[in-house]
Amino acid sequence: MRTDVAQTVRLEDYRPSDFLIDQVELDVRLHPTATKVTTTLSMRPNPAGRSDVPLVLDGDEVNLKGLALDDRALDTGEFEASPQSLVISQPPQQPFKLTIETEINPTANTKLMGLYRSSGNYCTQCEAEGFRRITYFLDRPDVLAVYTTRIEADREEAPVLLGNGNPVESGSIAGTGRHFAIWHDPFPKPSYLFALVGGRLGKVSKPFTTMSGREVEIAIYVEPGKEDRADYALDALERSMIWDEKVCGREYDLDVFNIVAVSDFNMGAMENKGLNIFNDKFVLASPETATDVDYANIEAIIAHEYFHNWSGNRVTCRDWFQLCLKEGLTVFRDQEFSSDERSRPVHRIAEVKTLRARQFLEDASPLSHPVRPSQYREINNFYTATVYEKGAEIVRMLKTIIGDEDFRRGMDLYYDRCDGTAATVEDFLKAFAEVTGRDLSHFSRWYAQSGTPRMSVHGHYDEGTGTYRLDFKQETPPTPGQSAKEPMVIPVALGLVSIDGQPMEAACERVNARGVFLLEKAEDSITFTGIRSRPVPSVFRGFSAPVKVSLDLSTDDLLVLLRHDTDAFNRWQSAQTVAMRTLVSLSTGATVTEEEMTSLASAFRAFMDTEARKDPAFAALVLTLPSEADIAQEIGKDVDPDAIHRARKAMRKHLGQSCFNRLMDFYHSLAQRDVYSPDAASAGQRALRNAALDLLTAADQQAGERLASEQFETATNMTDRLASLGILTTIPGMVRENAIASFEQRYRNEPLVLDKWFTLQAAIPEDATLDRVKKLMEHPAFSISNPNRVRSLIGSFAMLNQVQFNRKDGAGYALLASIVLRADELNPQLASRLLTAFSTWKMMESTRRSHARRALQSIAQKSNLSRDVGDIVNRSLEQDGAE
Ligand code: B3K
Ligand code: ZN
């Protein structure tokens with residue numbers, strides 16, 4: 001076990017910085033291996049900090065080349081420099097100027113933090129603590145400064161030079177082949193929002209007039225020749241800007257807004273002020289290379305990063321414990337945007353599927369933590385589904401509780417009051433408490449208490465009195481570091497439906513005009529009066545709280561909701577609940593009656609006859625069974641992934657056979673259109689057609705193979721081509737292998753498309769996949785140093801292939817462990833993200849559990865692990881009861 005555990009940072013230890021930086025002037029001379037950075041800081045002691053203390057600046061692998069205080073070079077005795085810090089023992093007690101010269105090697109920077117190179121271009125990533133890899137600095141989010149950046153480079157190597165803020169000046173340096181550009185950002189910002197780019201890039205742009213009439217140029221820079229693939233992203237950016245003005249009253253504030261797409265990036269994108277840097281996967285799209293899901297992701301991530309300009313940049317975070325303040329809020333904002341641009345119920349279902357698959361899973365694992373953690377060892381490990389997705393659910397619950405108007409007033413007050421500052425979760429809640437006069441202290445527990453609350457809901461109808469009582473109980477299971485749990489404030493949006501499917505008007509004073517009951521205690525009951533027949537309750541409409549619900553509803557009642565509920569989310573949820581009950585029984589060897597097997601099938605048939613064509617995207621979701629990972633999570637302990645795989649396959653086959661003619665009818669009537677459009681309605685039709693093909697194939701492999709092959713050959717877009725290839729990969733044989741080979745041939749020069757090819761093969765649920773994955777690691781398109789490639793092949797194997805990653809012989813775990821160790825030497829963030837695939841290990845049956853433990857221990861025993869991997873492996877093994 002690792003002994004050199006990194007120092008723990010605690011929220012309770014926060015204190016303001018002892019020094020402030022008002023202005024930063026950077027002069028960056030780009031060079032592949034020896035970039036010289038001269039930083040001039042206008043500093044002063046912080047009146048809120050301690051006096052007479054040394055000045056300690058953060059560094060990370062930087063080389064100090066020169067140091068001057070108020071233009072006087074410092075003697076060696078006056079400071080101490082290491083790659084990790086620069087300490088000036090007796091700094092002035094009044095404002096002073098510090099000039100620091102550093103030298104860095106962007107080509108050797110494989111961590112992709114700080115200044116690095118991607119396909120020869122220079123780019124940066126500074127959140128959370130990457131700026132200290134460029135120069136020594138007070139690299140913390142509550143030190144806000146105004147930046148001016150001069151970038152100099154070889155004109156051939158880097159004709160485009162971009163920085164934060166507005167362009168000020170540019171020109172050639174005579175006789176050197178070099179040129180420069182100066183950028184000035186008037187908005188004070190923390191160092192994590194700093195960015196620069198230098199390289200050969202193509203550009204698409206358009207003018208944008210803001211709500212107050214200011215002219216802005218919005219532009220996207222991509223690899224030359226791929227400009228037309230950025231059109232959709234540019235359009236999404238424009239729509240995001242309009243939405244933020246119309247719906248939130250937020251206007252853009254600089255003269256230019258630039259986005260740069262790069263191919264080596266640790267995450268999706270980064271919201272640097274005025275200069276967003278993106279993983280090219282979330283910018284580049286054409287019908288031939290991107291799927292409907294890619295288009296939707298591009299739209300959402302473009303919006304997300306743009307929205308950060310207010311929720312994150314204008315109002316930033318005091319410290320990294322407040323990360324959810326910008327991330328949870330901004331996810332909520334991008335979800336609302338996508339819901340407005342697309343179908344709200346369909347988007348809500350997609351959000352909840354993601355939340356359950358990632359956040360509920362995390363909360364049930366050794367990595368569970370509160371939305372606002374109270375301590376960390378490596379902050380990069382806290383960019384999690386809990387901070388992002390559950391963080392967004394908290395904002396959504398707040399809106400549900402206080403209503404739309406007060407929510408908007410609270411947001412406006414928060415922005416107005418906190419603009420230009422580094423804020424806390426308390427500042428955020430205070431704005432809403434003030435506009436509503438509510439005490440939100442109990443509600444704030446959502447930020448501090450980890451774990452997914454479990455709710456049970458029981459209904460009692462009394463025919464004699466015409467009343468209907470609903471009993472609610474909540475309980476949150478223990479999580480690491482938190483054994484005793486308190487009740488949460490839980491908004492329950494609900495309604496009653498009659499057995500014959502009519503909405504019931506029922507009186508209950510505890511349910512407000514918006515149909516919401518607020519549960520504040522561990523147990524509570526509400527009673528409806530004037531009820532003439534037994535109702536079916538529809539609770540947690542729209543998934544009004546991030547909780548697990550156990551409902552004592554019969555299959556028949558659930559199917560009433562599927563057919564008739566006015567809430568689309570609960571219609572979908574009802575079908576999922578019926579399917580899940582049967583899938584769990586099948587997976588765990590419990591008896592499944594004929595009736596159970598057939599009831600969902602007949603409900604599906606009725607649904608297809610009457611409803612499915614009204615909203616194909618929604619229908620596709622209804623016809624898709626819970627995933628193997630969802631079923632494993634529902635079972636929760638002693639999980640056997642092979643049994644789950646068999647159960648899901650059997651049920652798909654049964655449903656496919658029972659609905660065969662209708663599915664075939666759907667498949668043929670929703671034929672491909674000649675012209676591809678990524679809009680939600682067209683995407684919905686494709687989704688339904690491909691969901692039908694999946695069930696048809698489960699029912700009749702030969703027929704499915706024939707249809708899928710034909711679709712694969714004739715597809716006019718990537719969505720249909722990839723869906724058919726995915727279906728073919730489930731059928732062993734030459735048809736599949738030929739399709740895999742032809743796809744590779746067709747897209748051999750398209751790395752982002754080959755990523756999809758890697759993913760599909762890594763997800764094949766058969767024993768030979770392990771060797772296939774190892775072989776694909778030798779493929780010329782694969783590279784262990786490129787995060788997209790590694791995530792597509794290895795990440796998909798570990799996260800999507802339940803049966804092969806969790807092989808009973810432990811070989812899946814061993815493969816991942818060895819790759820994590822290899823990746824860790826180059827890129828710790830990438831390695832630790834891969835390692836989180838082990839988060840389900842404790843819920844496996846004992847043989848698999850032992851193999852997983854051994855694999856984790858083999859990582860933990862290594863010396864020189866990064867802080868990132870060391871932290872995840874230690875937390876994964878903590879509180880591991882010996883067996
Ligand atoms: N704020 C960045 C994520 C930074 C991750 C640093 N490890 C992108 C985003 O959430 O918008
Ligand atoms: Zn974000």
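Each ligand, and each atom within it, is numbered from 1 in the order the structure gives.
For the Zn ion (ligand 2), the count of nearby protein N/O/S atoms, taking only those under 2.8 Å, is 3.
Residues passing the side chain to side chain donor-acceptor pair (under 3.5 Å) test with Ser876, sequence neighbours excluded: none.
Asp264 and Ser118 share a side-chain donor-acceptor pair at under 3.5 Å. Using a 3.5 Å distance cut-off with no hydrogens or angles, the side chains of Asn164 and Trp183 do not pair a donor with an acceptor. Using modelled atom types, one finds no donor on one side chain facing an acceptor on the other under 3.5 Å when comparing His369 with Ser450. Checked by atom type, the side-chain pair Arg372/Gln322 shows a donor-acceptor distance below 3.5 Å.
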N or O contacts of ligand 1 with protein under 3.5 Å, please list pair by pair.
| residue | atom | partner | partner atom | Å |
| --- | --- | --- | --- | --- |
| ligand 1 | 1 (N) | Glu127 | OE1 | 2.6 |
| ligand 1 | 1 (N) | Glu271 | OE1 | 2.7 |
| ligand 1 | 1 (N) | Glu271 | OE2 | 3.4 |
| ligand 1 | 1 (N) | Lys326 | NZ | 3.4 |
| ligand 1 | 1 (N) | Glu327 | OE2 | 3.0 |
| ligand 1 | 7 (N) | Asn380 | OD1 | 2.9 |
| ligand 1 | 10 (O) | Glu327 | OE1 | 3.0 |
| ligand 1 | 10 (O) | Glu327 | OE2 | 3.1 |
| ligand 1 | 10 (O) | Tyr388 | OH | 2.5 |
| ligand 1 | 11 (O) | Glu271 | OE1 | 3.3 |
| ligand 1 | 11 (O) | His304 | NE2 | 3.1 |
| ligand 1 | 11 (O) | Glu305 | OE1 | 2.8 |
| ligand 1 | 11 (O) | Glu305 | OE2 | 3.0 |
| ligand 1 | 11 (O) | His308 | NE2 | 3.1 |

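Screening Tyr14, Tyr376, Tyr192 for a ring-ring contact (aromatic ring centres under 6.0 Å, His included) with Trp320, the sole residue that qualifies is Tyr192.
Pairs passing the side chain to side chain donor-acceptor pair (under 3.5 Å) check and including a residue from residues 274-284, sequence neighbours excluded, read Asn279-Asn788.
Relative ring orientation between Phe257 and Tyr306 is described as perpendicular, the plane-to-plane angle rising above 60° on a 0-90° scale split at 30° and 60°.
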Kindly determine whether Val260 and Ile220 satisfy side-chain contact (heavy atoms from CB on, under 4.5 Å), including the steps that lead there.
-> CA-CA 6 Å; Val260 179; Ile220 302 189; over 6 Å; no

